[in-house]
Amino acid sequence: AAPVSLTSVVPVPVTVQPAGTTYTLPASAAIQTPTGSTAAAAVGAYLADLLRPSTGYALPVTTVSGTPTSGIALLLTGADPSVGGEGYQLDVTTTLVTVRAQTAAGLFHGVQTLRQLLPAAVEARTVQPGPWELAGGRIIDYPRYAYRGAMLDVSRHFFGVDTVKRYLDEISQYKINTLHLHLSDDQGWRIVVDAWPRLATVGGSTQVGGGAGGYYTKAQYTDIVNYAAARHITIVPEIDMPGHVNAALASYAELNCNNTAPPLYTGTSVGFSSLCVGKEVTYTFVQQVLAELAALTPGPYLHIGGDEANSTPAADYRTFMNRIQPYVTATGKTVMGWHQLGQADHSPGRIAQYWGTTTSDANISAAVTKGAKVVMSPANKAYLDMKYNNQTPLGLSWAGLIEVQTAYNWDPATLLSGVPSSAILGVEAPMWSETLTTLANIEYMAFPRLPALAELAWSPQSARNWDTFKVRLGAQGPRWTLQNINFYRSTQVPWA
Ligand SMILES: CC1=[NH+][C@H]2[C@@H](O1)O[C@H](CO)[C@@H](O)[C@@H]2O
């Protein structure tokens with residue numbers, strides 16, 4: 001069989017130059033990284049872990065000081081300057097495979113492309129017959145947007161560390177570099193805060209439907225952060241405020257304006273809860289929560305929510321947000337929030353996450369006017385918890401039905417009027433979990449739409465079109481089957 005074509009990669013690369021030759025990976029191949037770079041060696045070890053089970057090859061990871069003449073080389077010199085901080089240059093000749101980048105992140109992204117250019121059988125976890133062929137040629141590639149995210153709501157239904165790690169594995173295939181964890185909401189508080197222990201023990205004790213819920217200890221959260229970092233994914237934690245706070249209010253009576261804790265909530269309504277803007281204890285609470293979360297989070301952003309504060313008077317919303325945004329920046333982090341945050345004053349470097357369904361919005365325009373950058377999560381395009389169609393057994397439909405083509409066929413730069421394309425920092429695909437309880441549920445809603453959104457976030461707009469994308473997407477199907485990803489076989493996609 002002919003090797004996988006260089007033009008089959010998802011997300012589609014910036015430039016692809018097939019050479020018409022073929023490289024065959026020999027059993028003796030080594031994976032070689034530059035002497036002195038532990039970060040590059042870690043990418044080499046990651047690649048070895050990917051390839052050893054299916055090839056059965058030893059694939060030793062060694063260090064080199066120059067450019068090797070055979071095997072696979074992951075190098076931090078010689079890449080085309082256009083690759084920038086996250087891109088890569090892949091060269092496949094008849095004797096040597098090189099991934100060149102300026103950073104380990106770039107090498108990691110090049111490795112994901114290399115992975116896709118090997119036969120789908122490489123995804124098996126048992127030894128498969130070769131030959132392990134690669135099409136010869138050159139790919140020079142780099143991302144359109146710096147922020148390429150997924151979001152997992154672990155509040156409505158709690159998902160343990162192993163599920164989050166599996167989702168990180170799955171999204172890292174498509175060069176996603178951010179995972180936003182929605183850690184608190186009305187139905188659950190999911191992260192230990194030492195100064196306020198009942199948040200986890202009480203606030204984390206249930207979930208939608210009344211199940212046992214759960215929460216991450218600080219060690220477990222750190223485990224997730226480190227696992228993500230090894231895949232060059234940054235964790236963005238969210239504490240949603242001042243609304244979506246019933247779990248916190250149920251945990252501490254003094255957080256309530258009437259000093260009475262409401263019962264824990266296991267339904268799926270929104271907009272009924274609010275922190276008490278007039279009480280000083282509220283600000284002590286927020287400051288301590290954010291400080292402990294910042295200390296656990298190496299990434300630059302703390303997401304403070306801000307959506308659906310329907311039980312917080314507009315003036316109180318502004319007072320609250322204007323008072324707590326400096327708590328974030330005091331930790332050295334940068335504020336991120338849903339686009340309603342545009343009602344409050346700017347905070348340096350602030351990101352407003354757009355989740356509307358319209359092509360213009362006063363709050364997002366206000367946020368941008370005040371200096372915010374925008375991450376695009378339009379609910380009628382990017383919400384992975386929306387049903388594909390009326391037959392989809394899981395998910396919601398308030399923002400509309402989102403089949404794969406709908407998720408793919410839009411341009412983050414031009415969707416919103418009143419927001420210049422220069423304000424767009426990237427794309428994020430949220431997955432809310434009111435109706436989702438298992439990894440298989442997550443996978444069914446994320447695949448194949450997450451790869452579609454990953455291509456929006458990475459690839460040049462000029463290189464994108466549905467007719468070629470759907471073929472490349474279909475060819476990912478056998479790879480997902482071998483990874484035991486429970487994907488939805490959309491009738492819009494010609495599955496290989
Ligand atoms: C930002 C935002 N707030 C709401 C909205 O998105 O819809 C989600 C369901 O699709 C829901 O779970 C969430 O609480």
Side-chain angles (χ1 to χ4, degrees), residues 149-159 178-190 203 207-209 213 236-249 265-275 301-312 317 321 335-344 350-358 361 363-364 367 372 374-388 392-402 406-407 416 427-437 441-442 444-446 449-450 453:
M151 186 205 86
L152 190 56
D153 167 10
V154 298
S155 301
R156 275 50 179 278
H157 281 97
F158 180 64
F159 297 101
T178 304
L179 178 63
H180 167 181
L181 289 176
H182 185 77
L183 291 168
S184 69
D185 211 301
D186 290 317
Q187 298 86 348
W189 186 283
R190 305 298 182 205
Q207 60 184 14
V208 168
V236 175
E238 178 185 353
I239 301 296
D240 201 344
M241 298 176 281
H244 288 278
V245 291
N246 189 78
L249 300 179
Y265 179 67
T266 61
T268 58
S269 299
V270 298
F272 60 86
S273 61
S274 176
L275 288 174
Y301 302 116
L302 293 188
H303 197 302
I304 56 174
D307 62 313
E308 298 181 312
N310 305 340
S311 301
T312 312
Y317 180 91
M321 283 303 193
V335 168
M336 186 165 177
W338 302 105
H339 67 267
Q340 285 73 23
L341 195 55
Q343 299 168 63
R350 182 164 80 167
I351 295 180
Q353 182 170 7
Y354 180 68
W355 62 280
T357 59
T358 58
D361 178 279
N363 286 327
I364 193 65
V374 175
V375 164
M376 292 294 287
S377 299
N380 55 346
K381 308 282 188 186
Y383 266 32
L384 300 178
D385 59 304
M386 290 301 119
K387 292 175 181 294
Y388 291 95
T392 305
L394 302 165
L396 305 176
S397 57
W398 70 266
L401 300 173
I402 303 180
T406 303
L416 281 174
V427 178
E428 181 182 295
M431 185 180 299
W432 301 96
S433 61
E434 288 88 340
T435 66
L436 310 177
T437 57
N441 292 167
I442 290 170
Y444 188 81
M445 302 304 274
R449 289 177 296 190
L450 188 278
L453 291 156

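Counting starts at 1 for both ligands and their atoms, following the listed order. Given the structure is predicted, the values throughout are model-derived calculations rather than measurements.
- With a 4.0 Å heavy-atom cut-off, ligand 1 is reached by no atom of Asp153.
- Among His182, Arg156, Met151, the residue whose heavy atom sits closest to atom 13 (C) of ligand 1 is Arg156.
- Listed by number with element, the atoms of ligand 1 under 4.0 angstrom from any heavy atom of Met386 are 10 (O).
- Evaluation of the side chain to side chain donor-acceptor pair (under 3.5 Å) rule for Asp307 yields His244 as partners, not counting sequence neighbours.
- With Ile364 as reference, His339 is the one residue of Gln340, Gln353, His339 to meet the side chain to side chain contact (heavy atoms under 4.5 Å, CB included) rule.
- Distance alone, capped at 3.5 Å, is enough to place a donor-acceptor pair between the Arg190 side chain and the Val154 backbone.
- Any N or O atom pair closer than 3.5 Å counts here, and Glu308 shares at least one such pair with ligand 1.
- Close approach of ligand 1 to Leu396 (heavy-atom distance below 4.0 Å) involves ligand atoms 9 (C), 10 (O).
- Legend: residues meeting side chain to side chain contact (heavy atoms under 4.5 Å, CB included) with Ala344, ordered by chain and number and at least two apart, are Met321, Asn322, Gln325, Leu341, Arg350.
- Atom 3 (N) of ligand 1 has as its closest protein heavy atom Asp307 OD2, 2.7 Å.
- Residue-ligand proximity, Asp385 to ligand 1, at heavy-atom distances under 4.0 Å covers atoms 9 (C), 10 (O).
- Taking the six-membered ring wherever Trp is involved, the centroid distance between the rings of His182 and Trp338 does not fall below 6.0 Å.
- Annotation for ligand 1: atoms under 4.0 Å from non-hydrogen atoms of Glu434 are 9 (C), 11 (C), 12 (O).
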